[in-house]
**Q** 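Below: one structure in structure tokens.
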Amino acid sequence: MNGEFTWDFIVGHMNYWLFIVLMMTGLYIVVAKGNLVKKIVGLNIFQTSVFMLYISMGKVTGGTAPIFPADMIIDPDVVYSNPLPHVLILTAIVVGIATTSLGLALIVRIREEFGTIEEHEILEIEKAIAAAENKLHGEAMGGRA
Amino acid sequence: MATETTHHVAMTLSDHLPVLAILVPFVAAPLCVLLGSRSLTWPITFLASAASFVTSFLLLLSVIDGGFISYHIGGWAPPLGIEYRVDAANAFVLFLVTGISTIVLPYARESVKSEIPERHHTLFYACFLLCLTGLLGVAVTGDAFNVFVFLEISSLSTYVLIAQGSYRDRRALTAAYDYLIMGTIGATFFVIGLGMLYMATGTLNMADLADRIADQGANRTVRAAFAFIVVGIGLKVAIYPLHLWLPNAYTYAPSAVTAFLAATATKVAVYVLMRFLFSVFQPSFLFEVNTLEFMIIPFAILAMFAASFIAIFQTDLKRLLAYSSIAQIGYMLLGIGLLNESGVAAAVAHLFNHGITKAVLFMGVGALVLRSGGSFFDRIEGMGKLMPWTSAAIVIGGLSLIGVPGTAGFLSKWLLVQGALEKGWWPIAILVVLSSLLAVIYVWRIVEAMYLRSPASDIEAKEAPLSMLVPIWIMAIACIYFGFATDITLTASHTAAQGLLAGPVGLH
């Protein structure tokens with residue numbers, strides 16, 4: 001395997017390298033950023049990287065778009081790209097849009113209820129709520145909690 | 001054109017059962033929204049769920065002896081077309097999911113009324129139906145990419161359903177958001193895995209995939225695909241270190257949603273995990289055996305102890321039960337990791353038994369919330385006197401959670417211990433028993449609070465309404481019934497386990 005790790009191999013798999021870079025960038029943003037909208041942006045980049053993986057694998061060297069010619073006469077020598085991954089990714093794009101819109105809608109509601117979209121501020125508010133709750137219920141139980 | 005052969009074989013309604021189970025709730029969901037009538041929404045939802053339940057029951061009857069039904073969507077034959085494939089394993093899951101939803105819905109009516117504003121009810125039930133559709137679709141399909149699509153249908157509607165808890169506690173919104181982020185990462189990992197499998201094999205039909213993976217040997221792409229798929233589904237299953245979304249989601253979701261999700265969503269994910277581990281990849285794929293032995297089993301045991309331990313110290317009953325769910329998922333994963341018939345049968349049986357057990361418990365908690373205004377321990381104290389029927393049902397659920405003989409939970413733990421002993425792993429059998437003792441502690445805490453304490457002075461609770469009590473007690477009686485009539489669960493789970501462990505042969 002290591003013997004094949006040549007310049008041609010690296011350049012020939014350029015889209016796969018980019019897929020990994022994009023994927024990791026997206027995942028990093030989701031994990032590292034505290035702003036809820038930025039997290040959604042990261043999630044989007046992460047999902048888009050997968051589109052790239054699928055579309056890359058559908059490409060056949062020298063292949064053209066897999067569309068029936070208008071006269072319906074098929075030249076057996078013509079090479080076509082694989083349309084299936086493209087179709088799959090259409091579905092995944094729809095799923096991605098639905099996820100993004102739902103995520104943004106949730107952020108709007110969070111902003112209404114918490115007054116912020118910064119994760120650390122939300123965590124502090126939640127901590128305060130939990131502490132107040134524990135105090136209230138702890139007193140009600142007479143220190144048995 | 002007389003010589004052209006016709007591919008349209010006359011089909012009766014019963015041939016379309018696999019797709020009907022999915023289509024009925026799927027069509028009913030937009031119907032609810034389009035009609036926009038609040039009085040019609042609930043009946044439509046209930047009828048759709050009941051129709052699905054009847055369909056699933058008929059499917060289960062026709063495959064319980066070990067056969068399978070292959071349904072070609074649109075008449076396109078697999079592996080090119082999408083195939084729905086029903087065998088004992090997924091018919092059992094379909095039966096569980098539709099059964100739970102049909103019983104939770106009458107309960108939901110009252111509970112939802114008190115927890116969600118009236119104007120959102122139509123959309124709430126539409127979402128509920130979509131979630132049901134997604135879960136059923138995941139279970140029934142024989143096409144790997146179709147699993148992803150249905151998984152996302154169910155996940156997206158689940159996020160919405162959880163967020164509906166915000167009218168009671170605003171933390172439901174952040175719980176739903178966190179679940180959305182983690183669930184989407186999980187689903188995307190799953191798609192990356194599928195992409196790699198497609199790269200290596202050129203097919204997406206599960207039976208076809210299984211054949212071609214078997215020919216690949218130690219292919220690095222297939223191994224990477226395996227890792228992505230296990231982690232992706234693992235997030236949905238809430239395998240121990242990937243469980244962080246679960247406690248908040250279950251605690252802050254509306255009671256009816258928690259009861260439905262706890263009993264079905266993770267169970268369906270466990271089924272998908274089994275389908276991929278045993279049918280698509282096979283135990284002969286050495287990488288998988290290593291993963292199971294060195295990753296899944298240790299994490300399963302960690303979940304059994306750590307999550308039970310955390311559950312003991314919770315002050316909120318709903319959160320306590322959420323942590324206990326994580327522990328119970330550990331038992332299912334342990335059964336899968338044992339890789340023998342008893343172990344896998346234990347996983348399938350526990351999937352069913354834990355489904356009904358958690359349905360009783362979360363529905364009971366929902367009834368307590370309705371009457372006493374909260375699920376904290378100080379709010380449920382003395383409820384044994386004020387709400388005797390609800391409390392008794394919760395106790396039955398608790399006993400089943402521990403695995404007391406005569407309840408459903410006993411059977412699956414017995415199978416699990418048997419599976420471990422068959423493998424000669426007696427320390428694991430002991431660990432199963434020990435972790436059940438932790439369950440005794442937290443169930444005792446519930447019993448103590450409900451029966452041995454006097455209620456808070458400001459609570460004037462009366463028994464829950466009949467429309468909630470009846471579903472709770474149907475499930476409670478089911479817990480006992482399946483504890484005594486063990487041969488139904490045993491036959492179904494053993495047939496399912498044989499089918500799963502037969503690998504690709506089980507798919508042909």
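Chain letters run A, B, ... following the sequence lines, proteins first, then strands; residues in each count from 1.
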**Q** Begin from the C-alpha positions of B:Tyr177 and A:Leu102 and carry the test side-chain contact (heavy atoms from CB on, under 4.5 Å) through to its verdict.
**A** CA-CA 9 Å; B:Tyr177 181 85; A:Leu102 179 57; over 6 Å; no
**Q** What part of A:Ile110 gets closer than 4.5 Å to chain B, counting heavy atoms only: side chain, backbone, both or neither?
**A** both
**Q** First locate atom CZ of A:Phe51, then atom OG1 of B:Thr188, and finally report the distance between them rounded to the nearest 0.5 Å.
**A** 8.0 Å
**Q** Could you tell me whether B:Tyr451 atom OH has more than 12 heavy atoms of other residues or ligands within 6.0 Å of it?
**A** yes
**Q** Below 4.5 Å from any heavy atom of chain B, which atoms of A:Ala130 appear? Answer side chain, backbone, both or neither.
**A** both
**Q** Should B:Tyr198 and A:Leu53 be marked as a side-chain contact (heavy atoms from CB on, under 4.5 Å) after you check the CA-CA gap, both sets of side-chain angles, and the distance that decides it?
**A** CA-CA 11 Å; B:Tyr198 183 72; A:Leu53 167 74; over 6 Å; no
**Q** Can you tell which of B:Glu152, B:Met199, B:Arg170, B:Met196 has the highest number of heavy-atom pairs within less than 4.5 Å of chain A?
**A** B:Arg170
**Q** So does A:Lys59 have more than 12 non-hydrogen atoms from other groups sitting under 6.0 Å from NZ?
**A** yes
**Q** So how far is it from A:Phe46 CZ to B:Ile185 CD1, rounded to the nearest 0.5 Å?
**A** 6.0 Å
**Q** Does CZ in B:Phe26 sit with more than 12 non-hydrogen atoms of other residues, nucleotides or ligands closer than 6.0 Å?
**A** no
**Q** Looking at B:Val160, B:Leu173, B:Asp178, B:Thr174, which hits side-chain contact (heavy atoms from CB on, under 4.5 Å) with A:Leu106?
**A** B:Leu173
**Q** Side chain, backbone, both or neither: which part of B:Phe145 has a non-hydrogen atom closer than 4.5 Å to chain A?
**A** side chain
**Q** Determine the option with the most heavy-atom pairs under 4.5 angstrom with chain A, choosing from B:Gly195, B:Gly183, B:Ala176.
**A** B:Gly195
**Q** Could you report the tightest heavy-atom contact between B:Ile181 and A:Ile40, atom names first, then the distance?
**A** CD1-CD1, 4.4 Å
**Q** Count the heavy atoms of every other residue, nucleotide or ligand shown that sit under 6.0 Å from CZ of B:Arg212, and state whether that count exceeds 12.
**A** yes
**Q** Would you call the rings of B:Phe376 and A:His137 parallel, tilted or perpendicular, where under 30° means parallel and over 60° means perpendicular?
**A** parallel
**Q** Is the number of heavy atoms from other residues, nucleotides or ligands within 6.0 Å of OH (B:Tyr167) greater than 12?
**A** yes
**Q** Check whether B:Val191 gets within reach of chain A through its side chain, its backbone, both or neither, counting any heavy atom under 4.5 Å.
**A** both
**Q** Do you know which two heavy atoms are closest between B:Leu180 and A:Thr99, and how far apart they sit?
**A** CD1-O, 4.0 Å
**Q** So do A:Met23 and B:Ile192 actually touch side chain to side chain, heavy atoms under 4.5 Å?
**A** yes
**Q** Give, as side chain, backbone, both or neither, the part of A:Phe19 having an atom under 4.5 angstrom from any heavy atom of chain B.
**A** side chain
**Q** Between A:Glu113, A:Glu133, A:Glu126, which is the residue that forms a salt bridge (Lys or Arg N to Asp or Glu O under 4.0 Å) with B:Arg171?
**A** A:Glu133
**Q** Measuring heavy-atom distances to chain A, does B:Leu204 have an atom under 4.5 Å in its side chain, in its backbone, in both, or in neither?
**A** side chain
**Q** Sort out for me which of A:Val95, A:Val94, A:Leu27 touches chain B most, counting heavy-atom pairs under 4.5 Å.
**A** A:Val95
**Q** Examine whether an atom of B:Phe313 lies under 4.5 Å from a heavy atom of chain A, and if so say whether it belongs to the side chain, the backbone or both; otherwise answer neither.
**A** neither
**Q** Please state whether the side chain, the backbone, both or neither of A:Leu88 comes within less than 4.5 Å of a heavy atom of chain B.
**A** both
**Q** Looking at A:Val50, A:Leu36, A:Ile125, A:Val30, which makes the most heavy-atom pairs under 4.5 Å with chain B?
**A** A:Leu36
**Q** With only heavy atoms counted, which part of B:Asp169 is less than 4.5 Å from chain A, the side chain, the backbone, both or neither?
**A** side chain
